[in-house]
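Every heavy atom of this structure was used, including side-chain atoms; hydrogens, water molecules and symmetry mates were not. Naming: A, B, ... by sequence-line order, numbering from 1 per chain.
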Number of protein chains: 2
Amino acid sequence: MNGRRVTIVDVAARAGVAISSASSALNGRSGVSQATRERVQEAARELGYVPSLRGRSLSTQRAFSIGFVLHRSLEVLEADPFFGAFIGGIEQAISPRGYALVLQVGSTLEEAEGRYRELAANRRVDGVLLNELRIDDSRIDLVQEIGLPAVGIVPPIDSFPLPCVRQGSAAGVRALVRHLVELGHRNIAHVAGPPGFVHSQERIDAWRGALEEAGLATGALIPGDFTYDGGRAAADEIAAMAERPSAVVCANDLSAVGLMIRAQELGWSVPGDLSICGYDGIALGTYVRPTLTTVQASPRRVGAAAAELLLDLIDDPEANALRHVDLPAGELVVGTSTGPVA
Amino acid sequence: MNGRRVTIVDVAARAGVAISSASSALNGRSGVSQATRERVQEAARELGYVPSLRGRSLSTQRAFSIGFVLHRSLEVLEADPFFGAFIGGIEQAISPRGYALVLQVGSTLEEAEGRYRELAANRRVDGVLLNELRIDDSRIDLVQEIGLPAVGIVPPIDSFPLPCVRQGSAAGVRALVRHLVELGHRNIAHVAGPPGFVHSQERIDAWRGALEEAGLATGALIPGDFTYDGGRAAADEIAAMAERPSAVVCANDLSAVGLMIRAQELGWSVPGDLSICGYDGIALGTYVRPTLTTVQASPRRVGAAAAELLLDLIDDPEANALRHVDLPAGELVVGTSTGPVA
DNA sequence: TTGAAAGCGCTACCAG
DNA sequence: CTGGTAGCGCTTTCAA
């Protein structure tokens, strides 16, 4: 805590060179002799110089940070472990490049949009990640309108107007359905995610398509919302059905667990009376009994890839304006929640 | 995207006043006539002016953001939903005050310390939150040494040298033990948290103290690490014991669930053969069967209170240098994982 | 009350 | 290759 912080001026003075030379030397730019560069670097080391992000930020017009807005209620945030993995992946990708993550929470979609506007207006971040995209997501227009670099995560198929990272769930869901068909199931229902979300729709389509491929009739499409309670409600809905499915594919693990617990409360045997699978591969699925058959997604890799792409986009908007990164699909994880049809 | 962003210069020009007057007017400082103030504000509104955080940051020597370093492995991050609540609370407290959260991840303690040093050196944040404090935590010296405002979360009892927020777990643990004693249990073990952590020790002490109060012998102290697998291992340890406890108080919910699942795999009935309780009150405890008896902590409120205190500290270091905030203890939540002794 | 001007710490341009 | 110097957008001091 000895008085003033050391700035580039101090370094330049100590090395006996101009400030501009010191800057060039420290940033590895060309235009400085090797001798000067070394002198400057040594001076910086001796003085314990750390460049001020603020000065750099103002002069380069960069914040050296990216934003991520979680748009879900605080309540859900407390229950769902899924997004922690995302964040880990993002951090892993950006911190080596000198960037930091600014995390915001917007409970409602409106609030989230407000956050994006704010972030863009005061330029707190150089770009943002758009997760949990909806079909016709309003944020797409928003970021284009306000000129905020953005990368979409699991975007609508095809002509997505922004760079994006996709880990498609279609292959995984098909694998789940095939697995069930092999076990002899003929009546396979689906507990969907909340309507409007790209990944909800993708899983519905994949489930339908896989049934068709197998030459089976389309099963019951039960509404859901990715939550534990939504899964429980789905079980009650199934209980009320005249012709009950022998297997269910849920849009995610959390709802699958809710469904399973409720099914057991209703006195059904899982998988004896009902085979259940989820999607995501969260740890919770291995805690419950029976263990959940699911697809192992890679949120950490998705987060890392998206963040990486965003930094590339910030560095070179032209070259990366439409880059699409496709991650390998998640793999089938067979638990004990699925079994042969009774 | 019409060309340049609007700056305070534009606002001043439009209002026909000096830049300094515009600044004062916009920041509600005195020294400007009401008429001028209104003219400036209107100009700002018309132009859609949003102050640049960068300019402000450089001139005020403030980053308008606070840091939070998660020091745990990415693997754990994916499984534990607990910290999401913290973050929600932090956000809730700081965003109305114009601050943002910079989130970092340090897998190891060394890495985490490096992050704190970095954060302080380049002044990316104005202060940090120190969570999961250890007894004699090295970060305490660190932040004092580098002059980084910091607030401790659940700090060591008594003479903690920094401002802090505490939600003591002693009362909750005692309530758990009393609950078990009332059910007739006489041999009550404890699955501890990882050694060295303040909240691990606090819970051990509370468990011991409560047993003493009840006039019971101290039960077995089983090592643990707050993880699911640690809980499973504890069950195996109990299985190997000559005189098995009839009840166990676990240091947190996640390990309690691991213990419970493993106990059931071993063929024990819960609570028939073994009563189990946890601590935290995470959603997972209500998903499992039997449901977990636990204590409902308030991570969101802790996060909010800590962030609030940190901003106060940044605003006025003198006045808040030693403020300690004590949150009401968590309440006992009786689930079905505890029952009368057989 | 108002306005001019000096920084905050850095980058980048442009003469020398 | 080197060294002035002009910003980046804002706050704040000091004269007028």
Side-chain angles (χ1 to χ4, degrees), chain A residues 3-41 43-44 47-65 98 120-126 314-315, chain B residues 3-41 43-44 47-65 98 120-126 314-315:
Chain A
R4 242 178 63 276
R5 298 171 36 70
V6 15
T7 75
I8 199 169
V9 179
D10 304 316
V11 175
R14 170 135 191 159
V17 301
I19 301 176
S20 53
S21 301
S23 175
S24 294
L26 291 169
N27 290 303
R29 253 172 292 147
S30 63
V32 259
S33 67
Q34 188 56 26
T36 305
R37 184 175 308 260
E38 279 169 11
R39 208 138 38 82
V40 171
Q41 286 171 340
L47 262 36
Y49 169 70
V50 180
S52 153
L53 217 49
R54 288 169 197 159
R56 232 151 78 86
S57 208
L58 185 59
S59 92
T60 60
Q61 304 283 42
R62 288 239 196 139
F64 299 104
S65 56
N122 61 200
R123 295 283 163 180
R124 194 189 270 281
V125 299
D126 298 323
I314 291 166
D315 281 341
Chain B
R4 242 178 62 276
R5 299 171 36 69
V6 13
T7 75
I8 199 169
V9 179
D10 304 315
V11 175
R14 171 137 191 157
V17 301
I19 300 176
S20 53
S21 302
S23 175
S24 295
L26 292 169
N27 291 304
R29 253 172 293 147
S30 62
V32 258
S33 68
Q34 188 57 25
T36 305
R37 185 175 307 262
E38 279 168 13
R39 209 137 37 84
V40 170
Q41 287 170 339
L47 262 36
Y49 169 70
V50 180
S52 153
L53 217 49
R54 287 168 198 160
R56 233 150 78 86
S57 208
L58 185 60
S59 91
T60 60
Q61 304 284 40
R62 287 240 196 138
F64 301 104
S65 57
N122 60 201
R123 295 285 164 178
R124 196 189 269 281
V125 300
D126 298 323
I314 291 166
D315 280 341

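- Looking at heavy-atom distances under 4.0 Å, B/T36 makes contact with sugar-phosphate atoms alone, never a base.
- Contacts of A/R37 classified as salt bridge (Lys or Arg N to Asp or Glu O under 4.0 Å), with partners at least two apart in sequence or in another chain: none.
- Not counting sequence neighbours, the partners of B/S33 by the side chain to side chain donor-acceptor pair (under 3.5 Å) test are B/T36.
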I'd like a table of donor-acceptor pairs (distance under 3.5 Å, sequence neighbours excluded) in which one partner is a side-chain atom from residues 47-57 of chain B, with atom names and distances.
unit_1	atom_1	unit_2	atom_2	d
B/S52	OG	B/R54	N	3.1
B/S52	OG	B/G55	N	3.2
B/R54	NH1	A/Q61	O	3.3
B/R54	NH2	A/R123	O	3.3
B/S57	OG	B/R62	O	2.4

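- Within the 4.0 Å cut-off from OP1 or OP2 of D/dG9, at least one side-chain nitrogen or oxygen of A/Q61 is found.
- With sequence neighbours excluded, no residue satisfies side chain to side chain donor-acceptor pair (under 3.5 Å) with B/S59.
- The residue among B/L58 and B/Q34 whose nearest nucleotide of DNA chain C lies closer to the 5′ end is B/Q34.
- The side chain to side chain donor-acceptor pair (under 3.5 Å) check on A/Q41 picks up nothing, with sequence neighbours excluded.
- Atoms CD (A/E38) and P (D/dC1) sit 14 Å apart, rounded to a whole Å.
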Got a list of side-chain donor-acceptor pairs under 3.5 Å for residues 15-27 of chain B, not counting sequence neighbours?
unit_1	atom_1	unit_2	atom_2	d
B/S23	OG	B/R29	NH2	2.9
B/S24	OG	B/S20	O	3.2
B/N27	ND2	B/S23	O	3.0

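- Under the salt bridge (Lys or Arg N to Asp or Glu O under 4.0 Å) criterion, A/R124 pairs with no residue, sequence neighbours left out.
- Between the CG atom of A/L26 and the C1' atom of C/dC10 there is a distance of 11 Å, given to the nearest Å.
- In this structure, the helix from C/dT1-D/dA16 to C/dG16-D/dC1 shows an angle of 50° between the axis at its start and the axis at its end, each fitted on 5 base pairs and rounded to 10°.
- Atom C1' of nucleotide C/dT11 and atom CZ of A/F64 are separated by 10 Å, given to the nearest angstrom.
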Are there any protein N/O atoms within less than 3.5 Å of an N/O atom in nucleotides 10-12 of chain D, and if so, which ones and at what distance?
unit_1	atom_1	unit_2	atom_2	d
D/dC10	OP1	B/Y49	OH	2.6
D/dC10	OP1	B/S52	N	2.9
D/dC10	OP2	B/I8	N	2.5
D/dT11	OP1	B/N27	ND2	3.1
D/dT11	OP2	B/S23	OG	2.9
D/dT11	OP2	B/N27	ND2	3.4
D/dT11	O4'	B/S59	OG	2.7

